[in-house]
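In what follows, every chain begins at residue 1, and chains take the letters A, B, ... in the order their sequences are listed. These figures come from a predicted structure and were not determined experimentally.
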Amino acid sequence: MRVYNTLSGRKEELVTLEPQKVKIYACGPTTYNYIHLGNARPLVVFDTLRRYLAYRGYEVTYVQNFTDVDDKIINRSQEEGEEAIKLAERYINEYFKDADTLNILRADVHPRASQHIEDMIDAIGKLIDKGFAYEVDGDIFYRVKAFKDYGKLSGRSVEDMLSGARVEVDERKEEPVDFALWKAAKPGEPFWDSPWGKGRPGWHIECSVMSTKYLGDTIDIHGGGSDLIFPHHENEIAQAEALTGKPFVNYWMHNGFITINSEKMSKSLGNFFLLREVLDKFPADVVRFYLIATHYRSPLDFDDGKLEEARKALGRLKTTLMLVDEFQQDRSAVDEQLQESELLEKVNNLQQEFIVAMDDDFNTARAIGHLFEISHLINSYLAKASRDNAQDQAVVTKAMAVLKELGQVLGIFIDQESDQGAELEDVLQILAGLRQAARQEKDYSLADDIRHFLGSLDISIEDTPAGTRFRYEAVPELKLLMEKLIDLRASFKSQKRYEKADYIRDSLQQAGIIVEDTREGARWKIAEA
RNA sequence: GGGCGGAUGGCGAAGUGGCUAACGCUGUGGUCUGCAAAACCACCAUCCACCGGUUCGAAUCCGGUUCCGCCCUCCA
């Protein structure tokens, strides 16, 4: 398995500290707002990385922090009159809602800066003792010149930075490039007690401290967005390696940005979309698919059209799942009489190619391409297969298991549970029955009326030799379907087509829905409720 | 100014020395259908920003040019 390492600027064979075990630290969000789509990319990218490593037999330990002590949080809390830690906590909870929707697995540990102040004070003290930090008026700065490897990650030299320094210079610092480890508290700010007075930690120290605390002095992979390379990750290295004398991270991985009209999506430019706004318009699996359909290091341009395309593309894979589901007679009883099959041979080859693609720096784009090829093979096979043929059943089931398994590794098959599933399906089938009968009687206006009605609810209807099938992305509301059925029944009654009206009432009853006629009209209820 | 990366069909996006340049979207023709949708079948880049070089052979390596993005300030 090969991984692009920012440190060396090339792909390297992944050799973990311990065989078949991998320790990953991912930089998490600063929680002063809802996350935007740009924040979601590393979440999905590193979640996919993690799933894939687990799929390949690694025991993964995954740590993702929350920055809940920070200038932006303090500013926000002063604007809104909410205590900083409370505000941060509130957005941490909101973060989990978004992440869960996107099918992001929880980390093994989600450490928060606010809960590791003691550890940070301890680390800062040691850095001072070793000569890597100095105090000025209650502030502590890191002495960049003392760390000889400074700049090795971002590929720049201290000299270059000093000459081209655009940093607003704090005169008290020994060098403009020195950065804050500890900031003395200003009036009205949250603070903790330290040997240097009341204050709070700088941003960079938390990751060094929490990474080493939970994963050890040296870890395998540290990930985040490319904008963290400098200064954040550079400073993490300086802090941690000065402290331990050991390499901090073996593989640094950075994802590219999401752009809008080729400009980076960012809060300061104001061109961002909150993840939940996007999730309002598009299902989570589509968003996830969109985020990994491009290689993680490439820029990814955003607009609704791209998501629409992702919706259609993913829909193709889901269609295969649906077609197989429809084809299968009895899922449990297969598998025994499995014979040689050209389909399975090809599918197994594609599974290997999927692995080759993912092994090559997690090339999800190429891997997804192989998924489409599998999908295509299964669809073609299905078109000629026979439901009653045990061999066909076995082969298709086996092929689909591969597709599902690989989709699961990428996290793109998110099951959408419906709470009224049973009734809903029955009601749809009753509508299908009415339409089917209308078609047989050549009453196409009624047949089309039903189809158009369903179309208006974003349910599309497809006739197949085996019957009628429904497709929808958002689970439709039972209430609306019932209103239509009640309407139809009323019009049948007024036309004195009682056999149709009764068909509706009787089949609803069988489905567990009771229709009662009253003076004002009909009403309905679910029998068990 | 310094550092890093990119330029592939109508669009998106893989491919980093050698079979017909993946895959998806769109489009076209066909099968199927009361109509439709889905599915299936077939077709859609003699060419990979430009110029030069290395090589038997390059989109793929090297040099140069143009254009674009990112980082150097909080940012995933």
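- Atom CZ of Arg439(A) and atom P of C35(B) are 10 Å apart (whole Å).
- One atom, CG of Leu377(A), and another, P of C40(B), lie 11 Å apart when rounded to the nearest Å.
- In summary, the side chains of Glu373(A) and His370(A) do present a donor paired with an acceptor at a separation below 3.5 Å, with no hydrogens or angles considered.
- Note on Glu308(A): nothing from the nucleic acid sits closer than 4.0 angstrom, heavy atoms only.
- One P atom belongs to G52(B), the other to G30(B), and the distance between them is 46 Å to the nearest Å.
- In this model, the phosphate group of C23(B) is not approached by any side-chain N or O of Arg366(A) to a distance below 4.0 Å at OP1 or OP2.
- Using C1' as the reference atom, G18(B) and A58(B) are 9 Å apart when rounded to the nearest Å.
- Side-chain atoms of Glu462(A) and Thr468(A) form no donor-acceptor pair, as typed in the model, at a separation below 3.5 Å.
- Spacing between atom OH of Tyr150(A) and atom P of C72(B) amounts to 12 Å, rounded to whole angstrom units.
- When the C1' atom of A37(B) is taken as reference, atom CE of Met322(A) falls 11 Å away, rounded to whole Å.
- Checked against the 6.0 Å centroid criterion, the rings of Phe66(A) and Phe96(A) qualify as a close aromatic pair.
- Residues Ser375(A) and Ser298(A) each lie close to RNA chain B; by heavy-atom proximity, the contact nearer the 5' end of the strand is made by Ser298(A).
- Remark: U16(B) base-pairs with no nucleotide in the shown strands. Criterion, Watson-Crick or G-U wobble with two distances under 3.5 Å.
- Between the side chains of Asp70(A) and Thr30(A), no donor-acceptor pair of N or O atoms lies under 3.5 Å.
- Nucleotide C32(B) is matched to nothing when pairs are restricted to Watson-Crick or G-U wobble geometry with both distances under 3.5 angstrom.
- One can place CZ of Phe327(A) at 14 Å from C1' of A39(B), the figure rounded to the nearest angstrom.
- With 3.5 Å as the limit, one finds a donor-acceptor pair spanning the side chains of Glu12(A) and Ser8(A).
- Nucleic acid contact for Arg435(A): base, since at least one base atom lies under 4.0 Å from a heavy atom of the residue.
- Applying the Watson-Crick and G-U wobble criteria (two distances, each under 3.5 Å), G57(B) pairs with nothing in any strand.
- As rounded to the nearest Å, A21(B) and C32(B) have C1' atoms that lie 33 Å from one another.
- Note on Thr319(A): only backbone sugar-phosphate atoms sit closer than 4.0 angstrom, heavy atoms only; bases stay farther off.
- Atom CG of Leu307(A) and atom P of A13(B) are 13 Å apart (whole Å).
- The side chain of His295(A) lies closest to A14(B) when the candidates are C71(B), A39(B), A14(B).
- At a cut-off of 3.5 angstrom, counting only N and O atoms as typed in the model, there is a donor on one side and an acceptor on the other between the side-chain of Arg451(A) and the base of C35(B).
- For Glu405(A) and Gln351(A), the side-chain atoms include at least one donor-acceptor pair closer than 3.5 Å.
- The separation of U55(B) from A49(B), taken at their P atoms, amounts to 23 Å, rounded to a whole angstrom.
- Using the Watson-Crick or G-U wobble rule with both distances under 3.5 Å, G27(B) pairs with C43(B).
- Here the side chains of Tyr95(A) and Pro29(A) are in contact, with some heavy-atom distance below 4.5 Å.
- When both distances must be under 3.5 Å, the Watson-Crick or G-U wobble mate of G9(B) does not exist.
- Among the atoms of the strands shown, base atoms are found under 4.0 Å from some heavy atom of Ile461(A).
- Atom NZ of Lys306(A) is separated from atom C1' of G24(B) by 13 Å (rounded to the nearest Å).
- Comparing Phe372(A) and Tyr444(A), the nucleotide of RNA chain B nearest to each residue sits closer to the 5' end for Phe372(A).
- For A14(B), neither phosphate oxygen OP1 nor OP2 lies less than 4.0 angstrom from any side-chain nitrogen or oxygen of Asn363(A).
- When heavy atoms are screened at a 4.0 angstrom cut-off, Leu228(A) is found touching the sugar-phosphate backbone but no base atom.
- Among the heavy atoms of the strands lying under 4.0 Å from Ile258(A) is at least one base atom, whether or not backbone atoms are also near.
- The residue Gly9(A) sits apart from the nucleic acid: no heavy atom pair falls under 4.0 Å.
- Distance CD (Gln440(A)) to P (U33(B)): 15 Å, rounded to an integer number of Å.
- In the interface, the side chain of Asp448(A) is paired with the base of G34(B) through a donor and an acceptor atom under 3.5 Å apart.
- The minimum heavy-atom distance between Leu102(A) and Arg288(A), with the atom names listed, is O-NH1, 3.1 Å.
- Rounded to a whole angstrom, the distance from the P atom of U60(B) to that of C51(B) is 12 Å.
- Base contact: Asn39(A) has a heavy atom under 4.0 Å from a base atom.
- Taking the P atom of each, G63(B) and C68(B) are spaced 22 Å apart, rounded to whole Å.
- A 3.5 Å limit on both hydrogen-bonding distances identifies no Watson-Crick or G-U partner for C48(B).
- Dashed line: the shortest gap from a side-chain N or O of His376(A) to OP1 or OP2 of C41(B) is under 4.0 Å.
- Checking the phosphate oxygens (OP1, OP2) of C71(B), a side-chain nitrogen or oxygen of Lys264(A) falls inside 4.0 Å.
- Comparing C4(B) with C41(B), their P atoms sit 48 Å apart, to the nearest whole Å.
- If you take atom C1' in G9(B) and the same atom in A22(B), they sit 13 Å apart, rounded to whole Å.
- Arg297(A) comes within 4.0 angstrom of no nucleic acid atom, judged by non-hydrogen atoms across all strands.
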